[in-house]
Amino acid sequence: MHFYILRTIFIIILGLPFLVCSQQEERFTFFGVTPNPVNKRLYRNLKTISDPISRIKIIDTIANIHIRYGNTDSIIYYGNFLKDEVLKHQKDISDSDVYISKSYHVLGKGKLSKGLYDDAMQYHLDALSISPVSTMSTLFYTHQLDLAIIYVYKEEYGTALPILHNCIEKAKDRKLKILAKKTLADLHLSKKEIGIAQSLYKEVLDQLDPSKDLKTQLKIRLNLGKINSFTKDYDHAMDHFSFVKEKTLQNHFYDLYIEVVFQMGIIYYTLEQYESAEMVLNSAYTNTIQWNKLELQRDVINMLTSLYTGRKDFKNAYNLMTQYVRVSDQILKNQNKEVVKELEIKYQTLQKEKEIFTLKEEQLLKESEISRQRTIKNAFLIGFIITLIPIVALLILYFQKLKTQVKLNKSQEEVNQQKVHGLMKEQELNLIKASMEGQDKERKRFARELHDSIGGNLASIKLQLSNSQNSNQNTKIIEQVDETYHQIRDISHDLASKKFLENGISKLVKEYISNIQDGSGQNISFNPHPEEEINQIGIPLKEELFKIIQELLTNCLKHAKADRIDIYLNQYEKTLQLLFEDNGVGFNTKKVSDGIGFKNIKKRLDKLSGSLFIDSTPNRGTVIDIEIPM
């Protein structure tokens with residue numbers, strides 16, 4: 001069992017209610033048992049009442065209480081309970097679609113709280129198909145707002161923006177409008193547009209009712225603290241976070257509590273208060289496991305990995321990295337991407353059709369008005385208009401055609417220039433690669449010839465002269481031959497790959513990364529562990545491993561558009577593990593075929609009996625895991 005899970009269990013068994021971060025006198029709570037904020041009377045009523053409508057209303061009430069307090073597993077449980085109960089009595093309930101839509105809202109909230117964005121989207125898209133705006137306006141815009149929130153989490157801002165504006169303009173419910181504006185502020189904060197986000201947060205705070213909307217107020221205070229953190233105003237950031245932490249505990253908003261503790265841990269780490277950061281982040285990690293919040297759990301693991309790596313504690317960093325891969329796999333396995341994508345396309349198509357229908361309707365009204373005005377005009381102008389219309393139409397068509405052609409030509413020219421530029425860059429890379437490989441092969445061949453052929457001949461001559469009778473003359477010749485032999489030997493060694501003979505893999509990779517960063521400004525980290533043992537690997541494996549890392553970096557820089565790359569190289573027992581992670585655009589591993597770079601990597605791994613695993617999702621980066629037996 002993982003080290004951190006063992007430590008979590010140990011703390012829970014002891015029953016520690018909190019830990020103290022001595023430098024700041026902050027207390028951080030571990031939830032050994034998940035708190036239950038629901039009134040016991042509701043549970044008793046649920047057991048005793050048999051009327052279907054009354055039972056459904058009680059279940060819906062309990063589910064929404066758990067949503068308010070962020071109890072992830074309970075939200076999902078009562079969402080499914082509500083859906084099953086409605087389906088069970090569907091024939092007896094006149095407005096069953098309303099409660100099905102409500103159950104999908106609960107389930108979507110639960111999946112989002114857990115970090116399963118695609119599953120959450122599926123429930124909201126299904127709900128929109130049974131929640132027409134004409135009869136269920138509030139539910140329709142509620143699900144639209146939930147969809148927009150998920151798109152913001154997935155950083156698909158272009159998709160989220162029109163949905164949010166639509167909710168702000170058309171939703172009748174005042175609270176929905178305010179939440180939509182708050183989500184719009186979250187979007188701008190996520191894009192680092194701090195000025196716009198602050199302005200919107202201020203508007204929302206002015207509109208909120210302090211007695212009814214406390215949790216929304218605390219979320220905004222949390223985000224204002226994040227803004228202070230972005231601008232390195234850590235004192236004000238900690239003021240916001242401490243306020244939110246105390247209020248969330250007092251009001252049992254445990255999901256928000258876990259998030260604000262995580263943000264405080266980041267600031268301790270940034271300020272190099274590593275002991276405090278470790279304690280705070282471990283408390284957040286424990287609570288994410290207890291509350292089953294996978295996405296936040298992965299973020300906390302990533303932060304702890306950086307902390308241990310910075311402190312040269314590579315063993316714990318490696319253990320956390322393994323846990324990070326496990327949580328990522330769990331998230332990936334729980335998602336139903338293909339079904340969600342199909343539903344999303346259907347929803348977007350339906351929205352487009354509605355827009356087209358509205359535009360056609362407006363166009364028909366306009367045409368009708370124009371026709372009426374033309375009829376009112378004097379009769380003698382009709383003939384002139386009838387004659388003029390075809391000429392004007394032809395001119396308009398002609399100029400539109402010219403304008404379209406110019407745009408097409410310009411667009412084609414830009415596309416061609418991009419293709420030419422891309423081909424030139426690819427050709428340059430191929431030429432450099434081919435030149436380097438050719439030079440390397442020629443040096444090896446020349447060194448082999450010098451060493452084996454000429455060196456062998458000189459050694460033979462030296463041996464024969466040593467056995468000759470004329471000792472004085474032969475001694476001088478032997479000395480000259482010996483000197484020549486050593487010169488040829490030195491030349492052959494110089495022609496061989498000297499950098500791999502004299503340097504460890506760690507130094508070679510760090511120098512190569514330094515050169516890339518100087519030229520591109522990329523943020524690239526390289527973490528070998530244990531470094532001394534890794535530097536002892538043989539020259540053939542060292543060369544192949546270096547070339548694999550070169551190929552991965554080249555592919556990433558060409559295609560991923562990442563601003564951060566992390567490389568971990570670990571030796572564990574008799575296995576060498578290379579983990580390559582970036583935060584770039586990612587790709588669909590099922591649809592994208594291997595390029596030349598990945599084919600070269602797989603060929604090298606075949607020679608080494610190694611394995612390759614790729615975990616990538618569009619807009620969420622790529623993780624490449626390579627294992628090589630030693």
* Quick check: does any side chain N or O of T142 sit under 3.5 Å from a backbone N or O of T138, one acting as donor and the other as acceptor? -> yes

TODO: Flag the pair Q217 / L205 as yes when at least one side-chain heavy-atom distance between them is below 4.5 Å, and no otherwise.
DONE: yes

- Query: Is there a side-chain contact between D186 and Y201, using heavy atoms and a 4.5 Å cut-off?
  - Reply: yes

### Check: N523/D563 side-chain N/O donor and acceptor closer than 3.5 Å
no

Applying side-chain contact (heavy atoms from CB on, under 4.5 Å) to D84 and not counting sequence neighbours gives none

Please determine whether side-chain contact (heavy atoms from CB on, under 4.5 Å) holds for the pair F580 and N555, giving the CA-CA distance in whole Å, both sets of side-chain angles, and the decisive distance to 0.1 Å. CA-CA 12 Å; F580 185 96; N555 278 352; over 6 Å; no

With sequence neighbours left out, the residues meeting side chain to side chain donor-acceptor pair (under 3.5 Å) with H143 are S101, H124

Sorted by chain and residue number, the side chain to side chain donor-acceptor pair (under 3.5 Å) partners of S129 (sequence neighbours excluded) come out as none

Hits for ring-ring contact (aromatic ring centres under 6.0 Å, His included) against Y104, two or more places apart or cross-chain, chain-then-number order -> Y123

Output, in order, the C-alpha distance, side-chain angles, deciding distance and verdict of side-chain contact (heavy atoms from CB on, under 4.5 Å) for K181 and V204.
CA-CA 7 Å; K181 188 174 287 187; V204 175; 3.8 Å; yes

Is the shortest heavy-atom distance from the side chain of K245 to the side chain of F241 under 4.5 Å?
no

Separation between OG1 (T72) and CG (L112), nearest 0.5 Å, reads 9.5 Å

D582 meets the salt bridge (charged side-chain N to carboxylate O under 4.0 Å, His left out) criterion, sequence neighbours left out, with none

Check your understanding: Is there a side-chain contact between K83 and N80 (heavy atoms, below 4.5 Å)?
Key -> yes

Note to self: For a 4.5 angstrom cut-off between non-hydrogen side-chain atoms, does L208 reach K182?
What the structure shows: no

Checking side-chain polar atoms at under 3.5 Å, does S54 have a donor or acceptor matched by the opposite partner on D51?
yes

Q: Would you check, one step at a time, whether the test side-chain contact (heavy atoms from CB on, under 4.5 Å) holds for F613 with I624?
A: CA-CA 6 Å; F613 173 75; I624 298 173; over 6 Å; no

| task | Determine whether K561 and V585 make a side-chain contact, defined as any pair of heavy atoms from C-beta on separated by less than 4.5 Å. | result | yes

Taken in chain and number order and not counting sequence neighbours, the residues that satisfy side chain to side chain donor-acceptor pair (under 3.5 Å) with S190 are Y157

- prompt: Are R55 and F81 close enough that some pair of their side-chain heavy atoms sits under 4.5 Å apart?
  reply: yes

By side-chain contact (heavy atoms from CB on, under 4.5 Å), H188 pairs with (sequence neighbours left out) L184, E193, I196, A197, L200

A side-chain contact here means heavy atoms from C-beta on lying under 4.5 Å apart; do K219 and E259 qualify? no

CG of L116 to CD of Q122, rounded to nearest 0.5 Å, is 11.5 Å

Residues at least two apart in sequence or cross-chain that pass salt bridge (charged side-chain N to carboxylate O under 4.0 Å, His left out) with K170, listed by chain then number, are none

query = Can we say K154 and D118 salt-bridge, meaning some charged N sits less than 4.0 Å from an Asp/Glu carboxylate O?
reply = yes

Residues passing the ring-ring contact (aromatic ring centres under 6.0 Å, His included) test with F253, sequence neighbours excluded, are Y69

| K215 atom NZ, neighbour heavy-atom count above 12 within 6.0 Å | yes

Sorted by chain and residue number, the ring-ring contact (aromatic ring centres under 6.0 Å, His included) partners of Y78 (sequence neighbours excluded) come out as H66

Residues at least two apart in sequence or cross-chain that pass ring-ring contact (aromatic ring centres under 6.0 Å, His included) with Y153, listed by chain then number, are Y117

With sequence neighbours left out, the residues meeting side chain to side chain donor-acceptor pair (under 3.5 Å) with Q412 are N416

